[in-house]
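Contents: one structure, followed by commentary.
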Amino acid sequence: MVKKQSQPKYRIVEDYLRARISSGEFPVDSLLPTEENLCARFGVSRATVRTALSNIQADGLIVRSAAIGSRVVNAVRNQSFQAGWSSVEDLLQYTKSIRLNIISIREIMVDADMADEVGFPVGRSLVRVEGIRWNQEETEEPICHVEVYFDALYNGVVDKIPDARRPIADLVEEQYQVRIEAIRQEVSARLLSPETAEMLQAKENGPSLLIKRWYFDHANNIFQMSRSEYPAERFRYVLDFGRSHD
């Protein structure tokens, strides 16, 4: 029987797994207990277990795959950021495991120069949110610079953004019943501008990874777009493939 403690349930699961990864009980290349096993052991929901696993993944200790499970890849915390996901749900859970420090929120209108970039038509009113992402547990350096653009029809969520510590798409879905059905992602390499390098405490003109995502609703209409720029040494994307046996 697991002893109850005065801390969030996900943290109890997280601390248990971290301790056993650190001690070598769950060595590198081994699989962690399944979500079902962890739910039964701690008497918690699958969402609680997934939050714990996402936090551990955020520190580069594990990678997660729907086909394989959670595999240990490091015994100690990695200062670079590592992510792996295979569905909209995985991506949203990943977003919940990191913190966004807001720099500015303002309403803008799409002009011809930015229409192709953001995917919204010229003349559409958008809310632009700019910020810096960090791990929930503070690291020495920020992870990335973020810009989020969403349809100003949903500007009722603006006041909730600074304190919500949740993905903006979650807030839109909750208040306006707009569900994410698909996400398109584009990854490219570039050099950090002086302004972005200063915000990220990184080297000016150093290599960076730019990730753009377009979020679509059930009618295949775009309602949100984001740009996240990571210094190259602070991000590593991991994707595990398994052979199909169908």
Side-chain angles (χ1 to χ4, degrees), residues 18 21-22 28 54-64 71-85 90-106 108 110-111 113-119 126-150 161-162 164-169 183-215 224-240:
R18 286 182 185 276
I21 292 172
S22 178
V28 171
S54 293
N55 289 345
I56 297 171
Q57 177 174 272
D59 283 342
L61 300 179
I62 64 171
V63 293
R64 299 162 65 199
R71 180 169 58 85
V72 180
V73 293
N74 281 301
V76 295
R77 181 176 176 176
N78 193 338
Q79 286 299 321
S80 65
F81 196 79
Q82 176 169 287
W85 51 78
D90 285 349
L91 180 54
L92 292 179
Q93 190 62 52
Y94 145 81
T95 307
K96 292 176 184 178
S97 72
I98 53 183
R99 177 170 57 82
L100 179 63
N101 282 1
I102 303 297
I103 295 174
S104 66
I105 302 177
R106 60 190 178 92
I108 64 171
V110 178
D111 59 25
D113 291 335
M114 67 181 300
D116 288 341
E117 169 79 2
V118 298
L126 304 178
V127 176
R128 177 184 182 270
V129 180
E130 181 182 17
I132 301 293
R133 288 201 187 280
W134 299 74
N135 281 345
Q136 280 186 337
E137 296 179 2
E138 201 75 35
T139 53
E140 293 181 2
E141 298 169 328
I143 297 170
C144 66
H145 173 252
V146 176
E147 296 169 275
V148 178
Y149 300 86
F150 64 93
I161 292 173
R165 303 178 73 89
R166 295 166 56 194
I168 293 172
I183 297 175
R184 179 164 64 89
Q185 177 170 282
E186 175 185 301
V187 181
S188 60
R190 55 183 289 167
L191 299 178
L192 285 169
S193 68
E195 297 78 14
T196 304
E198 182 178 0
M199 286 188 287
L200 296 177
Q201 303 168 29
K203 183 179 179 181
E204 181 179 329
N205 291 321
S208 70
L209 189 69
L210 179 64
I211 300 179
K212 302 178 185 178
R213 298 191 185 101
W214 292 264
Y215 296 72
Q224 180 176 303
M225 183 268 180
S226 68
R227 302 172 77 257
S228 302
E229 187 168 10
Y230 299 78
E233 72 278 6
R234 300 183 197 170
F235 186 91
R236 182 168 50 144
Y237 179 74
V238 177
L239 182 62
D240 291 330

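Keep in mind it's a predicted model, so treat the numbers as computed, not measured.
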As an exercise, state the distance from [atom1] of [X] to [atom2] of [Y], rounded to the nearest 0.5 Å.
X	Y	atom1	atom2	answer
Ser208	Lys203	OG	NZ	13.5 Å
Met114	Ile108	CE	CD1	3.5 Å
Ser104	Arg128	OG	CZ	5.0 Å
Asn205	Ser193	CG	OG	8.5 Å
Asn101	Trp134	CG	CH2	7.5 Å
Arg106	Leu126	CZ	CG	11.0 Å

- Query: Could you go step by step and tell me if Ile132 and His145 meet the side-chain contact (heavy atoms from CB on, under 4.5 Å) rule?
  - Reply: CA-CA 5 Å; Ile132 301 293; His145 173 252; 3.9 Å; yes
- Message: Do Pro142 and Gln201 have side chains that approach each other closer than 4.5 Å (heavy atoms only, starting at C-beta)?
- Response: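 Answer yes - side chains close enough.
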- Query: Heavy atoms, side chains only, cut-off 4.5 Å: are Ile105 and Pro162 in contact?
  - Reply: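 Side chain of Ile105 against side chain of Pro162, heavy atoms only: contact under 4.5 Å found.
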Taking all atoms of both residues into account, what is the closest heavy-atom pair of [X] and [Y], and its distance?
X	Y	value
Leu192	Ala197	CB-CB, 4.2 Å
Arg234	Leu200	NH1-O, 2.6 Å
Leu210	Arg190	CD2-NH1, 3.5 Å

- Going by the side-chain contact (heavy atoms from CB on, under 4.5 Å) test, name the single residue among Glu117, Glu147, Arg184 that passes it with Met225.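 Of the listed residues Glu117, Glu147, Arg184, the side-chain contact (heavy atoms from CB on, under 4.5 Å) partner of Met225 is Glu117.
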- Task: List the steps, then state whether side-chain contact (heavy atoms from CB on, under 4.5 Å) holds for Arg71 with Val63.
- Result: CA-CA 5 Å; Arg71 180 169 58 85; Val63 293; 3.7 Å; yes
- Neighbour count above 12 (heavy atom, 6.0 Å) for Glu204 CD: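 Count over threshold, so yes.
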- Around Asp111, counting heavy atoms of other residues, nucleotides and ligands shown, do more than 12 lie under 6.0 Å from its CG?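 Atom CG in Asp111 is packed in, count exceeds 12.
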- May I have the step-by-step check of side-chain contact (heavy atoms from CB on, under 4.5 Å) for Arg18 and Asn55, ending in yes or no? CA-CA 10 Å; Arg18 286 182 185 276; Asn55 289 345; 4.3 Å; yes
- Steps toward side-chain contact (heavy atoms from CB on, under 4.5 Å) verdict (Ile62, Ile21): CA-CA 9 Å; Ile62 64 171; Ile21 292 172; 4.0 Å; yes
- Task: Please determine if Glu229 and Arg227 form a salt bridge, counting it only when a charged side-chain N lies under 4.0 Å from a carboxylate O.
- Result: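 Judged by the 4.0 Å cut-off on N to carboxylate O distance, Glu229 and Arg227 do not form a salt bridge.
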